[in-house]
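In what follows, a structure is listed as structure tokens, so that the remarks can point back to it.
One-based numbering, in listed order, for ligands and for the atoms of each. Side chains are part of it too, since the values below use all heavy atoms of this structure and drop only hydrogens, waters and symmetry mates.
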Amino acid sequence: MITLAEHLLRQSKELEGKLTAFRRDLHRYPELSTHEAETAGKVAAELRKLGYTPTTGVGGHGVVAELAGDRPGPVIALRADMDALPIQEETGLPYASARPGVMHACGHDGHTAMLLGAAELLMRNRDRLAGSVRLLFQAAEEINAGAKAMIADGVLEGVSEIYGLHNLPTLPAGQMAIRYGALMGSVDRIELTLEGKGGHGAIPDQSIDPIVAASAIVMGLQTAVSREMSPFEPAVVTIGSMHAGEANNVIPHQARLTGTVRTFSEAARQSMPGRLDRLIGGIAQAYRCKAELRYINQTAVLVNHDGPAEQVERIADLMLGAHNRKVAEPTMAGEDFSEYLLHVPGSFFWIGSGPDREAERAYGLHHPKFALNEACLPYGAALLAAIALLRSGQQPD
Ligand SMILES: [Zn+2]
Ligand SMILES: [Zn+2]
């Protein structure tokens, strides 16, 4: 007798052609964060064809649909993201982006197709469903805004558990990876303005040079991590942009810097604004500049809940075999799925989207040559459907 998990994977593989075609269409016509109107329209149309009654315009361009079983049980939420990135595609694929400077380089087109696949599998196996499944097609993940907007619009009301996935090109298709506890880092943004006093490049004594101060601050900030935090408490402070001056012989009035701050625990995250403020303020003062720091909280650390993570492992083992389940390495990259996990228990995992061999050499996420191995689509769809069915009351068989 085959298990429900195996049955779903078999059914899902029958959908491979359809999922691939849907994903390729999204890939060809990608939309940037907060502009996903067309994508959302396609998702809603597809859901209607499957028999759902989707709600659109949730948390921006998000789409939500629900399927209720005949028997009572909990509400299990599944989430996919839909937005693309401001990257010029260089894959040369026949279905490469038709929109200059916009690309699905993070595989959210694949995630959307997978959740639609799950929607179809759930509809087909509705008689096995207790409770209900809520499907969340989220917008604006790449700018860390969509999850918060969806939550503000009430998508978690009544939800018992939530699950989501992200493709991983360094893992072959057919495999998955998960980790207990913190999986992905927090993401915060800093914006710093330094004010000095402009003047002639040849007469520095009559000026206050914000470029020299900015340089000292960039160097000094590195000690916030290396000298102030435990080597066992990972954190990253990166200054990603620095703008000052126009002419070679003029000391500018102002320097502007922006950066990103990543941590791996909420405690470390909360310590960062104070540390950075003190270091920046002190250094700026030493260089006679005025500093103004804006610390903008974006996304929390993604922390998997133990119970749900264990369930995902169990279901992955049933479907893919334990040898195809890996222990995920932690990453400082962020993912706004973390916001849902602040409110309800759940778990996030990686689904392999790399080539069968030498996946470690595949182009990474956000690369102009990133290419999703579409063989991953039925696996993602089947896993999501199995999690929803098994967690909403169906006993594993
Ligand atoms: Zn991304
Ligand atoms: Zn992504």
Side-chain angles (χ1 to χ4, degrees), residues 23 26-27 30-36 39-40 43 59-62 78-91 97 99 101-116 136-150 162-171 173 176-179 183-189 236 238 240 260 262 298-302 304 328-341 346-354 362-374 376-377 379-381 383-384:
R23 182 254 160 179
L26 293 188
H27 194 84
E31 292 174 299
L32 290 174
S33 311
T34 74
H35 296 275
E36 310 90 338
T39 305
V43 167
H61 288 298
L78 303 175
R79 174 272 209 174
D81 41 13
M82 305 190 289
D83 52 332
L85 285 158
I87 291 174
Q88 178 63 44
E89 180 160 353
E90 292 172 15
T91 61
S97 173
R99 295 187 168 143
V102 188
M103 176 190 178
H104 267 296
C106 206
H108 297 185
D109 49 349
H111 305 164
T112 302
M114 286 174 193
L115 189 55
L116 277 171
L136 311 179
F137 294 87
Q138 182 204 307
E141 192 285 323
E142 293 289 358
I143 59 166
N144 304 303
K148 282 181 189 159
M150 294 281 272
I162 185 163
Y163 296 89
L165 57 73
H166 202 292
N167 78 93
L168 189 65
T170 48
L171 193 68
M176 65 84 71
I178 187 166
R179 176 187 180 80
L183 176 70
M184 300 178 79
S186 64
V187 183
D188 292 327
R189 176 184 172 93
V236 175
T238 292
T260 189
R262 312 288 172 119
Q298 291 191 305
T299 290
V301 182
L302 192 152
N304 276 332
E329 280 178 29
T331 169
M332 278 299 192
E335 160 63 64
D336 80 355
F337 188 84
S338 61
E339 296 292 326
Y340 300 108
L341 294 179
S347 169
F348 194 72
F349 57 95
W350 299 105
I351 184 102
S353 65
Y363 290 104
L365 299 168
H366 292 206
H367 193 281
K369 289 187 175 156
F370 165 75
L372 183 100
N373 178 357
E374 290 164 327
C376 73
L377 298 174
Y379 289 104
L383 266 175
L384 290 171

What do the steps show when you test Leu85 against His104 for side chain to side chain contact (heavy atoms under 4.5 Å, CB included), and what is the final call?
CA-CA 6 Å; Leu85 285 158; His104 267 296; over 6 Å; no
Aromatic ring proximity His166/His108, centre distance under 6.0 Å
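Yes - the distance between ring centres of His166 and His108 falls below the 6.0 Å cut-off.
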Determine, stepwise, if the pair Glu339 / Met150 fulfils side chain to side chain contact (heavy atoms under 4.5 Å, CB included).
CA-CA 10 Å; Glu339 296 292 326; Met150 294 281 272; over 6 Å; no
Start with the C-alpha gap between Tyr379 and Met176, add the side-chain angles, then the distance that decides, and say whether side chain to side chain contact (heavy atoms under 4.5 Å, CB included) holds.
CA-CA 9 Å; Tyr379 289 104; Met176 65 84 71; over 6 Å; no
Apply side chain to side chain contact (heavy atoms under 4.5 Å, CB included) to the pair Gln138 and Phe337, showing each step before the final yes or no.
CA-CA 10 Å; Gln138 182 204 307; Phe337 188 84; over 6 Å; no
To the nearest 0.5 angstrom, please state how far the CG atom of Leu78 sits from the NE2 atom of His111.
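Those atoms lie 14.0 Å apart.
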Please list, in chain and residue-number order, the protein N/O/S atoms closer than 2.8 Å to the Zn ion (ligand 1).
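Checking every protein N, O and S atom gives Cys106 SG, Glu142 OE1, Glu142 OE2, His366 NE2.
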